[in-house]
Each structure stands twice: as structure tokens, then as C-alpha cells.
Amino acid sequence: MSAFSAIGEERDIDRDEYTPAIEPQATWCPGCGDFGVLKSLKQALPEIGRTPDETLLVTGIGCSGKLNSYLDSYGFHTIHGRSLPVARAAALANPELEVIAAGGDGDGYGIGGNHFMHTARENHDMTYIVFNNEIFGLTKGQTSPTSPKGHKSKTQPHGSAKTPIRPLSLALTSGASFVARTAAVNPNQARDILVEAMEHDGFAHVDFLTQCPTWNKDARQYVPYTDINDSEDYDFDPTNRADAQELMRQTEDKLYEGEVLTGIYYREDDRPSYQEEKRELGELPEEPLAERYFDDDYEWERSYDNFIDKHR
Amino acid sequence: MADDELIWRIAGGSGDGIASTSQNFAKALMRAGLHVFTHRHYPSRIRGGHTYVEVRASADPVKSRGDGYNFLLALGDSFARNPQEEAYYGNEEVKPLSENLDELREGGVIIYDEGLLDASDIPDFEERAEENDWHVFPLDLRGLAREQGREVMRNTAGVGATCAITGIELEWIEELMTDAMPDKILEPNLEILETAYEQVSEEYDVDAPDISVPEGEHEEEQLLMSGSDAIAYGAIDEGCRFIAGYPMTPWTEVFTIMTQNLPELGGISEQVEDEIAAAALAVGASHAGTKAMSGSSGGGFALMSEPLGLAEMSETPVVLVEAMRAGPSTGMPTKPEQADLEHVLYTSQGDSHRVVLAPGTVQEAYDHSRTAFRLAYDYQIPSIVLYDQKLSGELTNVPASHFDRDPNPSMGKTLTEQEIANEPHTEGKFHRFQHDVEDGVSPRSIPGQKGGRHLVTGNEHNPEGHISEDPDNRIAQVNRRFQKMDAIRADLDERSLLRRYGPEDTEYGILTFGSQQGTVEEAVDRLNENGTSVRMLSVGELAPFPVDDVEAFVESVDEVLVVEMNASAQFRGLTQKELGRYGEKLHSLLKYNGNPFEPAEIVEGFETSIVEDGELPGPETKFVPAAGD
Ligand SMILES: Cc1ncc(C[n+]2csc(CCOP(=O)(O)OP(=O)(O)O)c2C)c(N)n1
Ligand code: SF4
């Protein structure tokens with residue numbers, strides 16, 4: 001019997017199970033877009049049949065990182081920018097867990113930018129949600145990598161001279177096999193996208209547009225969204241890389257001018273995840289590594305038996 | 001020759017096969033019944049540049065490279081010349097010969113490859129040879145190798161010649177070659193070996209040098225192993241099946257050995273984007289229920305400071321290896337130093353704790369690696385194995401039985417689902433960080449276990465894991481994390497990692513740690529033979545520090561010399577800080593030129609500075625007198 005009996009448990013899950021009984025001490029501001037992510041996630045998890053005990057939510061630091069306090073599951077609130085390496089190791093040690101990493105735009109695209117690129121290229125089987133509010137929230141309103149050019153803040157008083165990062169294009173070129181954008185003001189689409197992201201076999205990146213009414217009053221996230229998967233104006237095939245690239249270019253150019261395109265931009269369903277590739281190479285055990293430590297019958301090999309020959 | 005040991009130095013260019021040849025030679029001598037110890041000197045360059053390896057062999061156990069050497073095999077520096085004329089590396093061509101003469105003992109032997117080296121390029125060569133009574137054998141090793149096979153096999157010719165001169169029986173080498181080489185290259189190599197042996201025996205009066213290899217016999221089977229091998233095997237035997245890393249010399253050695261072995265054991269190795277990620281992966285894997293490690297050398301370890309703190313605060317067990325090289329910054333990539341001690345002890349912000357263990361020998365590298373894992377998982381704390389470039393690469397023979405131990409995959413206080421059900425919960429949430437537990441260690445659950453749901457965070461947190469800035473909770477949690485260190489100290493007291501050496505009651509003491517241990521032991525023997533009464537204490541547990549034992553040692557002697565490889569006397573500083581006094585008794589002998597101590601330097605340093613109150617002879621070592629409290 002598995003030592004992790006919560007995994008694969010089949011039963012109806014009530015979304016309230018994800019609501020912590022204890023009121024979190026760390027609280028978001030009223031009207032914060034982060035509540036939207038929380039809500040969609042709480043709807044999406046039961047939909048894919050994952051219980052709180054089989055879900056591991058790994059967050060970074062920032063207002064976004066407080067998601068752990070609001071979602072009752074196994075959680076690891078790590079350090080600024082490092083949710084991905086922690087999360088992907090957990091997904092390697094126990095591929096049967098539902099592993100979700102989350103953080104803000106500063107966390108994920110700034111300090112953690114390097115990990116983002118590499119986790120995407122390796123195509124780890126996990127979901128990564130970036131709360132993109134175009135600002136540093138928790139440290140009180142500094143310019144972030146997604147803030148528009150010219151954005152003024154206490155740390156960029158003359159307006160930022162930097163072109164914002166292009167998270168979707170970056171994810172795609174880095175090698176993510178699922179790239180989507182959704183928004184807190186559109187909870188139904190957000191829920192559906194999260195469901196697909198979590199069910200996707202491989203690295204699923206969701207750039208989640210959230211609003212920060214406290215520090216980023218000018219943010220343009222309130223404009224009406226177009227759902228590219230649904231809209232008549234777009235005859236769009238998310239498995240076509242070139243189309244995805246083109247649409248990303250359009251929306252990433254125009255994001256700060258008005259039209260925001262959301263939806264699943266890209267999905268590559270036949271590409272094996274990193275776990276599968278590694279298993280194929282004989283570098284990842286068939287059974288979750290974590291199981292072994294609870295198996296009293298497992299025969300642990302000594303280095304002596306295996307490797308000593310070459311030292312003789 | 002009077003020496004009762006052979007110290008054979010093979011010198012050439014990086015990429016010449018110096019390392020593999022010397023390794024095989026050492027192994028052959030070990031199989032023949034001798035104790036061996038190798039010392040490797042190489043530049044931070046891939047091809048070309050002067051490099052050598054010494055193989056010291058004796059009938060008695062050898063603990064260091066020794067002083068100087070008595071047999072030089074100088075091969076041509078084939079890779080020193082660049083095909084483009086402009087990039088000519090000066091006189092490197094003759095370096096295998098010219099660079100090595102200073103440390104060659106009187107009466108020593110030189111074989112050099114006449115096919116590539118011209119002794120007349122070295123102005124005072126003949127003179128010095130005569131003065132020092134060296135026995136010089138110019139041999140056309142290249143020509144010989146070329147005739148029989150390929151030029152690169154001139155190493156083998158050199159080994160054959162060595163055997164002819166020293167009387168080492170060829171069968172030891174032949175047997176090893178047969179084990180190690182594929183058929184295609186075995187034949188020509190054997191041919192070259194024998195031809196060289198015969199030619200030298202016939203052409204030269206090989207008895208003249210009177211250098212013969214001592215005879216020895218091992219009571220039990222021996223293995224040739226480096227400190228890095230031993231750390232890796234210790235980790236494996238403790239059930240470590242996950243490693244993440246990023247290459248950096250010399251840590252790469254442990255990383256590579258683990259990577260080569262883990263898949264076979266159903267384990268996982270990950271080479272990742274940087275050291276922050278590497279350590280963070282180890283934390284993530286451990287959190288998800290494996291035994292995990294990472295590591296680096298100075299600069300890379302600096303990047304790990306963040307995840308190290310996270311492991312401490314989140315009480316996630318993890319083992320990090322720090323293989324020191326000379327710093328700061330990139331420093332000297334291929335040279336050992338012990339100057340990262342303070343970095344490793346104090347890196348990471350806040351009142352943070354970690355276990356730091358420093359092995360002094362290959363055997364201890366295995367033991368301490370096991371202990372580091374056991375402590376990390378038993379006490380849910382990061383532990384660090386601190387060693388250096390010297391111990392990482394030097395090979396020595398160790399009894400095979402030392403490694404024949406039972407595996408220990410225990411994860412410490414990690415609960416099963418049945419046990420979780422009986423532990424405290426609040427509203428369904430498991431109390432991961434209970435305040436009042438014996439020894440400070442709260443039992444943990446693993447993601448995926450039913451009923452074990454909890455949050456861990458690098459922020460201060462309450463028993464259920466929620467972020468908390470409540471003052472009472474803060475005190476309780478800080479105290480509990482401190483309490484673990486006391487428990488570890490008590491645990492270590494039972495199986496001390498201290499190494500004591502020398503006569504029981506002595507006038508003086510030498511205090512050291514890490515890779516200098518063996519060299520100090522040899523120095524202690526010689527000092528006592530010279531009439532100075534001295535003994536050694538080598539400290540293998542740097543955090544928590546064994547205050548009582550070290551204090552008793554310092555109390556029991558008149559004066560103490562602290563021997564370490566750095567310029568700022570970091571270990572002495574630590575000792576003084578931990579003991580709170582005795583500054584007036586602790587003198588320092590320091591070396592920081594990139595080379596480890598030789599026993600004679602310690603003997604001389606001790607005699608001139610402590611016994612005679614004199615000046616040290618050269619600039620290599622530095623004496624810093626006692627400071628007072
Ligand atoms: C290494 C490090 N640097 C800086 C900080 C301070 N810090 C905390 S949150 C944050 C910015 C977070 O911004 P973002 O990721 O956009 O998240 P948001 O708060 O907007 O959700 C910073 C700079 C830190 N905790 N660690
Ligand atoms: S500061 Fe902004 S991002 Fe943070 S909680 Fe408040 S509204 Fe949300």
C-alpha cells in the first residue's frame with residue numbers, strides 16, 4: 001500500500017476543503033486581484049479531483065506568495081524568486097503529487113527569471129502561476145519587470161526607461177509546452193485555464209493578470225478582454241507555434257495601450273514531460289522516490305556492493 | 001639510498017595522462033602490499049601547463065605527501081606548444097624537468113624523456129645533479145612508445161623504466177593494465193611496458209641508485225579512494241538518492257561520482273542552472289520525502305546562503321558539501337585552502353544554525369558524510385560537510401571493511417499516516433512545528449500523506465505553520481531551534497568526531513582541523529622523536545563545537561599551535577570564540593600559498609616558533625603568536 005494514500009484518492013471534493021479553518025493572519029488588501037486567483041484555483045482543484053492532501057503549493061515571496069495562507073493544502077512558502085527549483089524537485093521526488101508553483105511578476109520574472117527559463121525549457125510536469133500586477137506589491141509599489149515603460153515609482157521617479165519583459169514570449173521561446181494568460185476579472189476563463197494547465201503533462205505557465213489597487217491604480221487590466229480561444233475575430237489554433245508567437249507579439253506590444261488578449265496561446269500535447277524523458281533515460285525511478293523511504297521491505301543497496309570494485 | 005619509502009613524481013603537461021597513470025601506479029603498489037598516498041598539483045588549465053602527481057609508498061601507513069620526493073619521471077610537455085607560433089608558452093617544454101628539481105631529495109633518481117626534453121636547456125642541470133648525487137637516466141620514451149604503438153603511450157614506457165630501476169615487479173602493473181584497459185590498447189601497452197623494462201635493465205646498471213621499493217603486506221583488502229569518493233559513498237549508504245548541483249572545482253568530483261552512481265540505485269541527479277537552484281532543489285526534494293544533498297565550492301556556496309537559511313527556518317533536512325579552494329571570489333580554482341570556514345559557519349542571516357563537520361582523512365570523509373546525513377534528518381537541520389581541494393583529490397588506501405556497513409535510510413522523525421492521525425491537529429491542520437518537544441525536533445509529515453497537511457515557510461511561523469509575528473510564539477520557536485543544537489552536541493559527545501594523536505601527557509599541543517590532520521600526525525611523530533613532547537587534537541565537528549573536549553586539551557598543555565591553511569587564522573578564531581578565553585595560549589601556524597603543509601614545515605614551524613622563539617625560515621608559512629584574551 002502506498003505511504004501516500006491521499007494521492008489518487010477518488011471522491012467528490014468540496015471547494016471549501018481548500019479554505020483554511022484558521023483565518024490567515026497575512027491578508028491581502030480589499031479589491032486585490034490575488035483573490036481572483038485564489039477563487040479560480042479553489043474551483044479548479046476539485047474539478048480535476050485533487051484533494052488538499054495531495055496538492056503541494058510552492059510559493060515565492062510577495063503578496064502573491066501569501067497564497068499559501070489562503071489555500072489549505074500542503075504548502076511551502078519559500079524565498080523570493082525560488083519557488084520553481086523547490087517545486088520541481090518535489091515533482092521529481094514524487095511525480096504523483098499535484099505540484100503548483102506561484103509567485104508575483106517581480107518574484108517570477110525578476111529575481112527568479114533564470115529559474116523560469118530553465119524550468120520551462122526542461123518542461124517539468126507542473127503548473128506555474130504568475131500573479132502579474134505589473135508592480136512590486138509587498139515592498140510597496142516599486143517598478144517591476146512587467147511595469148510599462150515610463151512607469152513612475154519611488155525607485156524610478158523619472159519614469160522607467162526599461163521595456164517590460166514579455167512573459168508569454170519568454171515562456172514560449174524558453175520551451176514551455178503550455179502557455180496561457182488569464183485575468184482575475186474573468187474568473188470563469190481563469191478556472192478553465194487552470195484546469196487545463198494542471199491537467200497538462202509538462203510545464204504549464206499561466207500569466208495571471210491581477211490588479212493591485214493599492215499601488216498600481218493606473219494599471220490597464222480593467223479593459224475588456226478578448227478570449228482568443230473563443231473569439232470569432234481570431235481563428236486561432238493553440239498548437240501552432242507560429243500563430244502563438246504572432247499573437248503574443250501583438251498582445252505584448254499592445255498590453256499597455258488597450259487590447260488584452262487572453263486564453264491558451266500554446267499547447268504542445270505530444271511532447272513528453274521532463275519526468276517522462278528522464279524515466280526513458282533510466283534517470284528517474286518508476287515508483288516515486290519518496291515512497292521508498294516508507295517501504296520497510298525495500299532493499300537498500302550499500303555503496304560497498306556496487307561501486308567498490310573500481311577501487312580495488 | 002637511505003629512504004625507506006618511495007615518493008614517485010610523474011610530471012608533464014595537463015592532458016598527458018599524468019592523473020590516470022599515477023592512479024594506476026598507486027593502485028599497483030597498493031595491491032603489492034604497500035600503503036600509498038597521492039598528491040596532485042595541477043594548474044587551472046585544460047591542456048598544457050605543468051602538472052605533476054606524487055605517489056608516496058611505504059610499508060607503514062602514510063598520512064601525507066611527505067617532504068619532497070625521491071624519484072622523478074619527467075615526461076615531455078606535449079600540449080604546451082600551440083600550433084600558432086604567437087601562442088608559445090615560453091619554456092614550458094622543459095618544465096617537467098626544470099620545475100621539479102628543487103624538491104628532489106639528495107640521492108634521488110631522474111628519468112626524463114630524451115625524445116622530448118633536452119637537459120642541456122637547463123643551464124645548471126649537470127651541476128645540480130652532481131651536487132645532489134642524483135642518478136639521471138635519459139631515455140627515449142617517446143621513441144620507444146612510437147615504435148611499439150602510439151606516442152601517447154610513453155607514460156607506460158616511463159612506468160616500465162621505473163619498475164626496472166626500483167625493482168617493482170612488472171606483474172603488478174600488468175595485472176592492473178589488464179583489468180583497466182580494453183584489449184585494443186592493452187596489447188601495445190604491455191609491449192611497451194616490457195620493452196622499456198628490458199631495455200633499461202640491460203643498458204643500465206640499475207643497482208647503482210640503490211633505490212628499491214620497500215616490501216609490505218596488507219592484513220586485509222585495501223581500496224584506493226579519494227575524499228570525494230568517500231563522501232559520495234557515505235551519502236549513498238545513508239540513503240541519499242537525490243543530488244542537485246552546478247559544476248565548480250573541486251566540488252564537481254562529489255557531484256560527478258554521485259551522478260554516475262545514482263541512476264543505478266534508482267536515484268535522481270540534476271545538473272541545474274545555478275547554485276541557488278541546486279540547493280533549493282535539494283530542499284524541495286527533501287521536503288517531498290527523500291534524502292537529498294547539494295554542494296559547491298566557495299563562490300557557488302555563497303549563492304546557496306539563501307536556500308541554506310530556508311532549510312534552517314523551514315526545518316527541512318538537507319546536506320550540503322563545501323569543497324574549499326583558495327578564494328576570495330574565483331581565487332585559485334585548483335589550489336586548496338581552508339579559508340571558507342567562517343563563510344560556512346556564519347553565512348545566512350538571522351540566528352541561524354547548521355551542523356558543520358570537517359573530515360580529516362578519506363575514512364573520516366565517509367564517516368562524516370554519513371553522520372552529516374544522520375544529523376540532518378534526525379534533527380531537521382541543514383548540515384554541511386566541509387573539506388578542501390586537497391582531501392577531495394588525493395588518493396589513499398583504506399581498508400575495504402571500513403565501507404562494509406549497513407545502509408541507513410531512516411528519515412528521522414517522519415511519521416506514517418497512522419502516526420499522523422495521533423498527533424495534534426487544529427481544524428484539520430497538522431502541527432508541524434510543535435513548541436514543546438523533547439530535543440526540539442517536531443515530527444514531520446510528507447506531502448501526499450493523508451491528514452498531514454501543513455504549511456512550511458521561511459517566515460517565522462506558529463505550530464500549524466502559519467506566518468506569525470506573535471512575540472511569544474517567536475521566542476518559543478527560536479528557543480526550540482536552538483535546543484536542537486544542544487541535542488546534537490549531546491548526540492555527538494557519544495560518538496566523538498575528535499581525533500587525538502600522540503603520547504598521552506605532553507607539554508605542548510597542536511590543534512588542527514580537516515585535511516591537515518594526517519600531515520600534523522606525521523609532524524607530531526617527528527617532534528616527539530626530536531625530543532619535543534607534543535600531541536594533536538583534530539576537530540571534526542566545527543558546529544556544534546566540542547567546547548569541553550577542546551578546553552580540556554588546551555588546559556592540559558603549556559602552549560598550543562593551531563595549524564590551518566589560511567591567512568586569517570579562522571580556526572583559531574573559532575576556538576577562541578567558543579572557549580571564551582585561552583587567547584594567551586593559542587599560536588597560529590598558517591600557510592596560504594596554495595599548497596598544503598608538508599610535515600617538515602610543521603616540525604620546523606613548531607620548533608623555531610614555540611620551542612626556540614625564533615623566526616620561520618621561509619615565506620611559505622607564517623607564525624602568529626598568541627593574542628591574549
Ligand atoms: C532576496 C530578496 N530580495 C528582496 C526581497 C524583498 N521583496 C519582498 S516581496 C518583493 C517584491 C514582490 O513583488 P512581486 O513579485 O511582483 O509580488 P507582489 O507583491 O506584487 O504580489 C521584494 C522585492 C526579498 N524578500 N528577498
Ligand atoms: S499591495 Fe497590491 S498586490 Fe499586495 S495585497 Fe495589496 S492590492 Fe494586492
Side-chain angles (χ1 to χ4, degrees), chain A residues 3-7 9 20-22 24-26 52-54 56 58 61 66 68-69 72-79 82 84-94 96-97 114-115 117-118 278 281-285 287 289-290 292-294 298 300-304 306-308 311-312, chain B residues 223-225 229 233 236-237 239 241-242 244 261 263-270 272-274 276-277 280-285 287-290 306-307 310 314 400 403-405 407 409 411 416-417 426-429 446-459 464 466-468:
Chain A
F4 301 99
S5 72
I7 297 179
E9 210 176 315
I22 307 155
Q25 290 189 18
D53 277 342
E54 64 182 317
L56 175 62
V58 184
I61 296 294
K66 302 281 167 72
N68 276 126
S69 306
D72 198 9
S73 68
Y74 274 100
F76 200 154
H77 176 242
T78 63
I79 36 179
R82 318 293 167 210
L84 285 175
V86 172
R88 73 196 206 217
L92 284 166
N94 195 344
E96 291 179 3
L97 285 173
N114 194 27
H115 307 309
M117 247 161 57
H118 288 277
K278 222 172 144 68
L281 293 170
E283 290 188 351
L284 194 75
E287 294 283 301
L289 193 48
R292 199 176 301 171
Y293 294 89
F294 293 87
Y298 186 81
W300 288 88
E301 291 173 84
R302 295 172 305 179
S303 59
Y304 188 80
N306 290 277
F307 317 116
I308 296 305
H311 300 280
R312 285 198 165 106
Chain B
L223 304 170
L224 191 68
M225 220 179 254
D229 289 321
Y233 297 157
I236 286 169
D237 286 355
R241 293 293 181 273
F242 188 101
N261 292 323
E264 202 181 312
L265 296 170
I268 300 171
S269 169
E270 282 284 290
V272 296
E273 59 270 29
D274 58 35
I276 308 177
L281 260 95
V283 170
H287 179 70
T290 64
E306 252 194 321
L310 176 66
S314 65
F403 299 89
D404 192 5
R405 312 258 190 92
M411 292 241 278
T416 61
E417 291 183 343
T426 303
E427 309 277 355
K429 211 142 194 165
I446 300 293
Q449 284 183 318
K450 202 168 181 167
R453 205 158 73 246
H454 65 271
L455 173 61
V456 306
T457 162
N459 284 59
E464 302 92 77
H466 284 296
I467 295 173
S468 163

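For the numbers below, each heavy atom of this structure counts, side chains included, while hydrogens, waters and symmetry mates do not. Just so we're on the same page: letters track the sequence lines, and every chain starts at 1.
- Ion pair B/K450/A/E54 not flagged as a salt bridge, since none of the NZ, NE, NH1 or NH2 atoms sits closer than 4.0 Å to an Asp/Glu carboxylate oxygen.
- Proximity to chain B involves both the backbone and the side chain of A/I308, based on heavy atoms less than 4.5 angstrom apart.
- Checked against side-chain hydrogen bond (donor to acceptor under 3.5 Å, both in side chains), A/H118 has the following partners two or more places apart in sequence or in another chain: A/N114, A/R121.
- Looking at B/E417, its side chain does come within 3.5 Å of a backbone N or O of A/S5 through a donor-acceptor pair.
- Proximity to chain B (any heavy atom under 4.5 Å) is restricted, for A/F294, to the side chain, taken from C-beta onward.
- With no hydrogens or angles considered, no side-chain donor-acceptor pair links A/E283 and B/S269 at under 3.5 Å.
- For a residue to count as touching a neighbouring chain, one of its non-hydrogen atoms must lie under 4.5 Å from one of that chain's; by this rule A/L97 touches chain B with the side chain only.
- Ring geometry, A/H311 versus B/Y233: the interplanar angle exceeds 60°, so the pair is classed perpendicular (tilted spans 30 to 60°).
- Here A/R302 does not pair with B/D237 in a salt bridge; the nearest charged N to carboxylate O distance is not below 4.0 Å.
- The pair B/E270-A/K278 meets the salt-bridge criterion, with a side-chain N (NZ, NE, NH1 or NH2) lying under 4.0 Å from an Asp/Glu carboxylate O.
- Between B/D229 and A/F307, every side-chain heavy-atom pair lies at or beyond the 4.5 Å cut-off.
- Under the rule for a salt bridge (charged side-chain N to carboxylate O under 4.0 Å, His left out), the partners of A/R82 that lie at least two apart in sequence or sit in another chain are B/E306.
- Under the 4.0 Å criterion applied to side-chain N and carboxylate O atoms, B/E273 and A/R88 are assigned as salt-bridge partners.
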